[in-house]
Colleague: 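Dropping the structure in here first, questions after.
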Amino acid sequence: MSSLPAMTSSLATRLRVLILGGTAEANRLAQVVAKDPRIYAVLSYAGRTENPAKPPIAWRVGGFGGIDGLKHYLMAENIARVVDATHPFAAQMSSHAIAACAAANVPLLALERPPWQAVAGDRWIEVDDIGAAAAALGAAPRRVFLGIGRQHLAAFAPHPQHAYLVRLVDPPRAPLPLRDAEMVVARGPFDRAGERAMLTKFCADMIVAKNAGGNQVSAKIDVARELALPVIMIRRPFVPARQKVETVDEVLHWLGHDAAPAERGV
Ligand code: NAP
């Protein structure tokens, strides 16, 4: 029997998947499903960075218009599964996905990397949000590394006694809202040598980080440990309970399409 009819029929019945992206894990998932003719997947970006990685699958940029907007998108696009592979701090998007998938009766799975855990020698001060992180810097002047994203810099403006080193993915379109700030424009992943060089050149004596987890931006946490620098670690925001996994392989299993090892690049 020729393989052509089977291929044609599988293309006609491709599983339509929406991947909510913005993470390296979402990009990895896109790479794998792109090679699987049984899956048609769309990767959705929030549009927080100006030049997101171009995936080898269909992609879109920008909000859906709240829970109702996402529900209508799922129905209009005939989406059969949603994979929430957003950043762990994108709690609104994740909550909307839970509600919209329930309303549209579409199965949802979250791909969520585990948070970083403090180990012996770490000097973490854990706080619940950005405002608490800014307050935790204290009254005495500090030299602070901020690797938290441009959306949150204004929270540090009421604390002008500190000198800040700010790392951003894109050059800012407006002046930074901080009186004393240096800026680095760079996109991860970052390695230890580079992080050590950057932090020692600036003479940083404190780091503010979101507990993103994963290894894209974890080198700064390793270097803080090596240099015995305190880290103000912002805990992850609350997201309602949902089914979740930690690896791309588990997502593929859930989709019912275990990729061969070669396709996963292992
Ligand atoms: P959010 O507060 O969860 O989302 C706000 C709105 O942005 C959502 O309601 C949705 O708009 C839209 N949105 C978010 N992710 C989307 C996606 N993948 N596709 C389409 N629309 C999306 O998230 P955020 O404002 O982007 O960021 C919150 C925190 O996460 C910040 O601390 C940020 O630094 C961090 N973060 C986010 C990303 C990212 O890619 N989003 C990446 C790195 C870090 P509608 O309601 O209109 O659908």
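Only a predicted model underlies this, so the values are computations on that prediction, with no experimental measurement involved. Ligands are counted one by one from 1 in listed order, and the atoms in each one are counted from 1 as well.
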Colleague: Inspect the surroundings of CZ in Arg150 and state if more than 12 heavy atoms from other residues, nucleotides or ligands are less than 6.0 Å away.
Modeller: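 No.
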
Colleague: Could you note down all residue pairs passing side chain to side chain donor-acceptor pair (under 3.5 Å) where residues 238-248 supplies at least one of them, sequence neighbours left out?
Modeller: Asp84-Arg242, Glu112-Arg242, Glu112-Lys244, Thr247-Glu250

Colleague: Counting only heavy atoms not in Lys201, do more than 12 fall under 6.0 Å of its NZ?
Modeller: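 It does not: Lys201 NZ has 12 such atoms or fewer within range.
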
Colleague: Filter on side chain to side chain donor-acceptor pair (under 3.5 Å), then keep only pairs touching residues 65-82, sequence neighbours left out; what's left?
Modeller: none

Colleague: Which word best sums up how the rings of His162 and His159 line up, parallel for under 30°, tilted for 30 to 60°, or perpendicular for over 60°?
Modeller: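 Parallel, since the angle between the ring planes stays under 30°.
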
Colleague: Listed by chain and number, what are the salt bridge (charged side-chain N to carboxylate O under 4.0 Å, His left out) partners of Arg192, not counting sequence neighbours?
Modeller: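 Here the qualifying residues are Asp222, Glu226.
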
Colleague: Enumerate, one pair per line, all nitrogen or oxygen atoms of ligand 1 lying under 3.5 Å from a protein nitrogen or oxygen, stating the separation to 0.1 Å; write 'none' if no such pair exists.
Modeller:
from     : atom 1 : to     : atom 2 : distance (Å)
ligand 1 : 3 (O)  : Ala90  : O      : 3.1
ligand 1 : 3 (O)  : Ala91  : N      : 3.4
ligand 1 : 3 (O)  : Gln92  : N      : 3.0
ligand 1 : 3 (O)  : Met93  : N      : 2.8
ligand 1 : 7 (O)  : Arg48  : NH2    : 2.8
ligand 1 : 9 (O)  : Gln92  : NE2    : 2.8
ligand 1 : 18 (N) : Gly21  : O      : 3.3
ligand 1 : 18 (N) : Ser44  : O      : 3.0
ligand 1 : 19 (N) : Ser44  : OG     : 2.7
ligand 1 : 21 (N) : Gly62  : O      : 3.4
ligand 1 : 25 (O) : Arg48  : NE     : 3.4
ligand 1 : 25 (O) : Arg48  : NH2    : 3.2
ligand 1 : 25 (O) : Gln151 : NE2    : 3.4
ligand 1 : 26 (O) : Arg48  : NE     : 2.6
ligand 1 : 26 (O) : Arg48  : NH2    : 3.3
ligand 1 : 32 (O) : His152 : NE2    : 2.7
ligand 1 : 32 (O) : Lys210 : NZ     : 2.7
ligand 1 : 34 (O) : Gln151 : OE1    : 3.4
ligand 1 : 34 (O) : Lys210 : NZ     : 2.6
ligand 1 : 46 (O) : Gly66  : N      : 3.2
ligand 1 : 46 (O) : His96  : ND1    : 3.3
ligand 1 : 47 (O) : Phe64  : N      : 3.4
ligand 1 : 47 (O) : Gly65  : N      : 2.9
ligand 1 : 47 (O) : Gly66  : N      : 3.4
ligand 1 : 48 (O) : Phe64  : N      : 2.7
ligand 1 : 48 (O) : Gly65  : N      : 3.4

